[in-house]
Amino acid sequence: MTVVTRFAPSPTGFLHIGGARTALFNWLFSRHHGGRFLLRIEDTDRARSSEAAVRAILDGLSWLGLEWDGEPLSQFSRRERHAEVAQALLAKGHAYRCYCTPEELTAMRERALAEGRTIRYEGTWRDRDPGDAPKGAPYAIRLRAPTEGETVVDDLIQGQVRVGNEQLDDMILLRADGTPTYMLAVVVDDHDMGITHVIRGDDHLTNTFRQRQIYDGMGWDAPAFAHLSLIHGPDGAKLSKRHGALGVDAYRDMGYLPEALRNYLLRLGWSHGDDEIIPTEQAIAWFGLENVGRSPARFDFDKLASLNGHYMRQADDERLATLVMDRLPAVLGAAPEAGAAERIRRGMGHLKERAKTLIDLAEAAAFYARPRPLTLNDKALKILDEAGRRTVTEVGGAIAAAEWTAEALEAAVRGFAETRGLKLGAVAQPIRAAVTGSNASPPIFDVMAILGREETLGRLSDVAK
RNA sequence: GUCCCCAUCGUCUAGAGGCCUAGGACACCACCCUUUCAAGGUGGCGACACGGGUUCGAAUCCCGUUGGGGACGCCA
């Protein structure tokens with residue numbers, strides 16, 4: 001049997017991090033089994049769905065590298081099929097017409113609440129003669145759920161979960177306006193799409209019991225279910241939009257690489273012994289539902305950053321240079337100097353060693369793109385005191401005629417320091433401050449080599465005494 | 001309120017009854033390396049929520065308590 005999974009977001013906003021993990025696990029599972037990974041947009045709620053949100057979700061998935069098979073399916077486009085199934089259920093006697101008005105239902109809920117009873121549909125029309133209904137009155141179709149016994153779900157992650165049927169009321173399948181509810185639509189679509197494994201958030205676990213009853217009513221085999229525990233915020237609270245849940249685009253903007261986010265998300269709830277660095281190819285080879293944990297996890301930016309640092313060090317210099325150039329105008333507040341792209345490309349090997357995000361990287365690279373004279377930060381200013389400036393002046397003269405390579409420059413500066421009885425650091429730091437405007441930078445001789453003779457000497461003379 | 005799920009260092013986790021004096025990673029601290037900052041290396045700090053069982057033996061199994069989360073819509 002070919003494995004078919006799906007990711008089924010509702011287009012009411014961006015692709016948030018929890019959804020991204022759900023999508024990742026579905027994708028990984030299908031790829032591991034050589035199966036298919038489908039996309040379905042749950043847009044039956046027309047009022048809350050938007051094209052822009054669909055776009056944002058698709059973009060988010062693409063950026064994350066989770067390519068889906070085939071075209072995304074619009075759930076709304078299948079509304080007639082959903083209605084057809086509701087009618088079939090009606091014909092089989094597994095559903096019935098309910099003429100209650102929304103007002104009556106609200107009243108019913110409030111009464112239950114006031115009396116401290118469980119909020120459930122009381123089954124007003126379950127066994128009532130439809131002939132009692134006012135002529136031409138609108139009606140919804142409800143599932144005639146079993147009232148005795150229990151409904152059992154064998155969840156691949158949560159294990160066997162069961163609930164007494166008396167807990168479940170008769171849910172609406174088809175609204176009075178003829179549109180399907182989510183409960184009906186998911187079941188019909190998952191069935192028709194041939195989904196073999198439904199991997200989704202834990203918040204759907206209790207829904208599964210009711211969906212199970214629809215499968216049973218239609219005599220369909222239900223897919224296997226696997227419910228992922230939710231991701232919480234750093235404070236342990238639910239990661240909701242109100243609590244600052246972010247779309248994957250926000251993570252991109254914060255300078256994280258998609259492969260780092262994939263690795264991070266993978267380890268949130270899934271493990272393979274003590275392994276931490278798990279590139280995607282390896283993840284596909286290893287992934288399985290047996291190793292998914294059951295407890296909820298909190299989101300930890302520090303760990304993401306650490307992983308991101310790792311993947312940046314592995315990343316191709318050319319690619320990183322391009323990403324940095326994209327961000328540079330914002331960092332500089334101006335267009336980069338001519339030649340900046342080339343310098344940054346050449347300096348990337350050392351730059352990427354010392355950054356955790358692309359934001360760090362762009363900031364660290366900025367000195368390659370700034371115009372003279374450089375603005376010095378506080379630490380650089382402190383290094384370039386009276387003595388520091390004198391050192392810079394003298395060393396400028398000492399290296400002016402040197403061969404312009406990192407090795408030759410280092411030899412020249414070391415020689416200079418030795419003749420003055422200075423430690424290398426006492427010379428290198430003032431140079432660094434003058435050349436980069438900062439107290440911290442990639443190895444200074446490499447920086448000088450990349451900057452070139454003219455620019456380097458110019459920057460030195462800008463602060464010279 | 002009712003039902004469902006969860007519970008190992010601050011965080012992510014390993015752990016399938018003896019291999020556990022509970023391992024790894026992130027973060028933090030110290031040291032080493034070093035032209036700075038990183039990276040890297042070494043070491044340190046740090047957890048089985050609580051209470052009962054079961055068992056020769058429990059982080060692992062059972063029950064309860066507590067705590068956290070989720071679901072109870074003509075939303076998805």
Side-chain angles (χ1 to χ4, degrees), chain A residues 8-12 42-45 47-49 75 98 100-102 105-106 109 112-113 115-120 138-142 153 155 158-159 161-164 166-169 171-177 179-183 185-186 201-209 227 229-230 232 234 236-238 264 267-277 293-307 309-310 313 350-356 360 364 379 383 410 413-414 417 423-429 431-433 436 438-445:
Chain A
S10 57
T12 53
E42 310 229 313
D43 52 359
T44 52
D45 185 347
R48 302 206 304 175
S49 299
Q75 187 158 69
C98 169
C100 288
T101 63
L105 295 174
T106 306
R109 263 191 292 278
L113 208 60
E115 292 168 20
R117 284 183 290 114
T118 305
I119 300 170
R120 292 176 53 229
Y139 61 87
I141 295 181
R142 283 186 187 267
V153 171
D155 192 279
Q158 306 292 342
V161 187
R162 45 181 69 221
V163 71
E166 71 283 355
Q167 297 296 333
L168 274 17
D169 63 359
M171 67 181 144
I172 290 184
L173 301 173
L174 207 63
R175 300 186 185 103
D177 65 2
T179 60
T181 59
Y182 162 76
M183 288 293 180
V186 218
D202 202 40
D203 48 340
H204 289 284
L205 183 58
T206 50
N207 286 334
T208 310
F209 297 116
H227 288 91
S229 53
L230 271 16
H232 292 175
K238 185 187 179 185
Y264 178 72
R267 288 288 291 108
L268 227 45
W270 180 86
S271 60
H272 184 271
D274 285 338
D275 294 304
E276 296 287 348
I277 303 287
R294 282 184 295 269
S295 49
R298 297 186 188 197
F299 199 90
D300 179 12
F301 279 98
D302 281 335
K303 188 147 182 179
L304 207 211
S306 163
L307 240 15
H310 170 83
R313 274 171 255 133
H350 284 121
L351 286 170
K352 69 184 182 183
E353 290 283 329
R354 20 187 71 68
K356 288 210 185 307
D360 296 346
K379 299 247 178 74
I383 292 166
E410 176 166 357
V413 173
R414 277 186 191 276
K423 296 178 86 169
L424 183 55
V427 182
Q429 278 304 82
I431 296 175
R432 187 188 316 279
T436 70
S438 164
N439 59 309
S441 82
I444 193 61
F445 305 114

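The chains referred to below are lettered A, B, ... by the order of the sequence lines, with proteins before strands, and numbering in each begins at 1.
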Taking B:A38 as the reference, what is the distance to B:C45 when you measure between their C1' atoms (whole Å, please)? 24 Å
Interatomic distance at C1', B:C62 relative to B:G17, whole Å: 14 Å
Pair of N/O donor and acceptor under 3.5 Å linking B:G70 base with A:D202 side chain: no
Taking the six-membered ring for Trp and the full ring for Phe, Tyr or His, determine whether the centres of A:Y264 and A:F301 are under 6.0 Å apart. no
Is any side-chain heavy atom of A:V163 less than 4.5 Å from a side-chain heavy atom of A:T206? no
Mind checking who B:C31 pairs with, Watson-Crick or G-U wobble, both distances under 3.5 Å? B:G41
Identified pairing partner of B:A49, criterion: Watson-Crick or G-U wobble below 3.5 Å: B:U65
Whole-angstrom distance between B:A76 and B:A71, as gauged at atom P: 15 Å
Scan every strand shown for a Watson-Crick or G-U wobble partner of B:C56, both distances under 3.5 Å, and answer none if you come up empty. B:G18
Could you tell me the separation between the CZ atom of A:R298 and the C1' atom of B:C12, rounded to a whole number of Å? 11 Å
Spacing of A:H272 atom NE2 relative to B:G15 atom C1', expressed in whole Å: 15 Å
Backbone N/O of A:Y182 and side chain of A:E42: donor-acceptor pair under 3.5 Å: no
Rounding to the closest angstrom, what is the interatomic distance between B:G69 and B:G44 at atom C1'? 35 Å
By side chain to side chain contact (heavy atoms under 4.5 Å, CB included), which residues pair with A:D169, not counting sequence neighbours? A:R120, A:Y121, A:R210
Tell which nucleotide pairs with B:A25, taking only Watson-Crick or G-U wobble pairs whose two distances are both under 3.5 angstrom. B:U11
Quantified in whole Å, what is the C1' atom distance between nucleotide B:U8 and nucleotide B:A25? 15 Å
Which is it for A:H310 and A:I277 under the side chain to side chain contact (heavy atoms under 4.5 Å, CB included) test, yes or no, and what are the steps along the way? CA-CA 9 Å; A:H310 170 83; A:I277 303 287; 3.3 Å; yes
Hey, does the side chain of A:S49 reach the backbone of A:D45 with a donor-acceptor pair shorter than 3.5 angstrom? yes
For the backbone of A:D275 and the side chain of A:R267, can you confirm whether one donor and one acceptor N or O come within less than 3.5 Å of each other? yes
Inter-nucleotide P distance (B:G70, B:C63), Å rounded: 24 Å
Can you see which heavy atom on A:T179 is nearest to which on A:D177, and at what distance? OG1-OD1, 2.7 Å
Is there a side-chain contact between A:T206 and the phosphate of B:G70, meaning an N or O under 4.0 Å from OP1 or OP2? no
Between protein and nucleotides 73-76 of chain B, what N or O pairs are separated by less than 3.5 Å?
residue	atom	partner	partner atom	Å
B:C74	O3'	A:R175	NE	3.1
B:C74	O2	A:A176	N	3.0
B:C74	N4	A:C100	O	2.5
B:C75	OP2	A:R175	NE	2.5
B:C75	O5'	A:R175	NH2	3.2
B:C75	O3'	A:R175	NH2	3.0
B:C75	O2'	A:D45	OD2	2.6
B:C75	O2'	A:R48	NH2	3.2
B:C75	O2	A:R48	NH2	2.8
B:A76	OP1	A:T44	OG1	2.9
B:A76	OP1	A:R175	NH2	2.5
B:A76	OP2	A:R175	NH2	2.7
B:A76	OP2	A:Y182	N	2.9
B:A76	O3'	A:E42	O	3.1
B:A76	O2'	A:S10	OG	3.2
B:A76	N6	A:N207	ND2	3.4
B:A76	N1	A:N207	ND2	3.4

Separation of atom CD in A:E276 from atom P in B:A25, rounded to whole Å: 8 Å
Side chains of A:T436 and A:R432, donor plus acceptor under 3.5 Å: no
Sort me out a list of protein N/O and nucleotides 44-48 of chain B N/O pairs below 3.5 Å, or just none if empty.
none

Tell me: CZ of A:R162 to P of B:U2, nearest whole Å? 22 Å
B:C72 to B:G57 separation - P atoms, rounded to the nearest Å: 46 Å
Categorize A:Q158 for me: base, sugar-phosphate, or nothing, with a 4.0 angstrom heavy-atom threshold over every strand shown. sugar-phosphate
Taking the same atom, P, in B:U2 and in B:C61, what whole-Å distance lies between them? 27 Å
Side-chain donor-acceptor contact under 3.5 Å, A:R48 with A:T12: no
Partners meeting ring-ring contact (aromatic ring centres under 6.0 Å, His included) with A:F209 (sequence neighbours left out): none
Whole angstrom value for the distance that separates C1' of B:U8 from CZ of A:R294: 14 Å
Just checking A:G269: base, sugar-phosphate only, or nothing, at a heavy-atom cut-off of under 4.0 Å? sugar-phosphate
Does any nucleotide pair with B:U36 by Watson-Crick or G-U wobble geometry, both distances under 3.5 Å, and what is it? none
For residues A:D202 and A:S229, report the shortest heavy-atom separation together with the two atoms involved. CB-CA, 3.8 Å
For A:D275 and B:G15, give me the distance from atom CG to atom P, rounded to whole Å. 11 Å
How many angstroms lie between atom OG1 of A:T181 and atom CZ of A:R142, to the nearest 0.5 angstrom? 10.0 Å
Check salt bridge (charged side-chain N to carboxylate O under 4.0 Å, His left out) between A:R294 and all other residues, then give those that pass, not counting sequence neighbours. none
Between protein and nucleotides 26-39 of chain B, map the contacts as a letter string: B base, S sugar-phosphate only, - none, heavy atoms under 4.0 Å, written 5' to 3'. SS-------BBBBS
Scanning all shown strands, the Watson-Crick or wobble mate of B:C75 with both distances under 3.5 Å is none
Here the distance between atom P of B:A7 and atom CG of A:L230, to the nearest Å, is 15 Å
